[in-house]
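Indexing begins at 1, ligand by ligand and atom by atom, following the structure's order.
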Amino acid sequence: GKPEGSPEMLKWKERGTTKNLQEVILGRCYNYVMARHSELGDMDCLKIWESLKQAFIYKNPCNITSEDYQPLMELASHPIPCNKSLFWSKTNDLAHRYTKSNQNFFTLEDTLLGYMADGVSWCGDPSAPGINYESCPKRSECESNPVSVFWKLASKMFAETACGVVQVMLNGSIEAGAFKSSSIFGSIEIFNLNPDKVSAVHIWLMHDIGGPQSESCSGYSIRRLKSILEERNFQTTCEDNYRPVQLLQCVHNPDHTDCRVCT
Ligand code: N1C
């Protein structure tokens, strides 16, 4: 027969479930709750793991729904202080470096749900042992896979619970435009902000140091984003290369003209 794990045996195109998923999720949960956020001391990490497992184990990984995650979402969600939510699109690394250096802001990965799931993969299989460690479906193979459904739902809840002034960090070095309406930010988060709770959206448009400035705050996709938000009654501002974030980029490019104090 074929050697185990050889490529032609793979059912799906995405990497399989993370090895030791239970230990990874439990370890992250305890670390988040006990070491970082003692105010969440009543979270039950074992129950949280069980509800994540029940959402996908032994199920067809193309048929996952929001309902499958309802128990997990109820157990693991917690509020975020007003004015502290940071959304991002195509700035994954920079946005998370920023929240690590500035404890004043929270991305979804700085909440318990996002912290547990960040960079982890999981999917089920109807036959024993109910978890597929070899491969998982890519979004292009099926939209309703466990990981995609999870991030969409977690992003929706993260947006719903935001209040006050919220921030979004976008990438002005992307040729196709900084704001993409098919992104999770553009298709889910902006439409789940509550106009009764959120007053304003501050856009931080960052471009790569030394990279192209494909778009500025007056660019086409930003104007489109602002009009969508203003139509929903949010005030908007946009700042090119918000300095506190640019200084983080400068850690890797200290000699660049954009990074010098006197210009
Ligand atoms: O599609 P995106 O960006 O606009 O999604 C980012 C947006 C953020 O504001 C987050 O709150 O949506 C939330 N989010 C995550 O926090 C997240 N962590 C990891 C959305 N997706 C997330 N991922 C994975 O990255 C997930 O697999 C998703 O498909 C990508 C989206 O990245 P993007 O296109 O840069």
>> Tell me every residue that passes salt bridge (Lys or Arg N to Asp or Glu O under 4.0 Å) with Lys180, counting only those two or more places apart in sequence or in another chain.
In response: none

>> For the NZ atom on Lys197, are there more than 12 heavy atoms of other groups (residues, nucleotides or ligands in this structure) within a distance under 6.0 Å?
In response: yes

>> Keeping Arg232 on the side-chain end and Leu193 on the backbone end, is there a donor-acceptor pair under 3.5 Å?
In response: yes

>> Can you list everything that forms a side-chain hydrogen bond (donor to acceptor under 3.5 Å, both in side chains) with Thr18? Sequence neighbours excluded, please.
In response: none

> At a 4.0 angstrom heavy-atom cut-off, what protein residues surround ligand 1?
Replying inline: Phe87, Trp88, Ser89, Lys90, Leu108, Glu109, Trp151, Ser155, Phe158, Ser183, Ile184, Phe185, Glu189

> Got a sec, which residues hit salt bridge (Lys or Arg N to Asp or Glu O under 4.0 Å) with Arg97, two or more places apart in sequence or on another chain?
Replying inline: Asp93

> Trp122 pairs by ring-ring contact (aromatic ring centres under 6.0 Å, His included) with which of Trp151, Phe150, Trp49?
Replying inline: Phe150

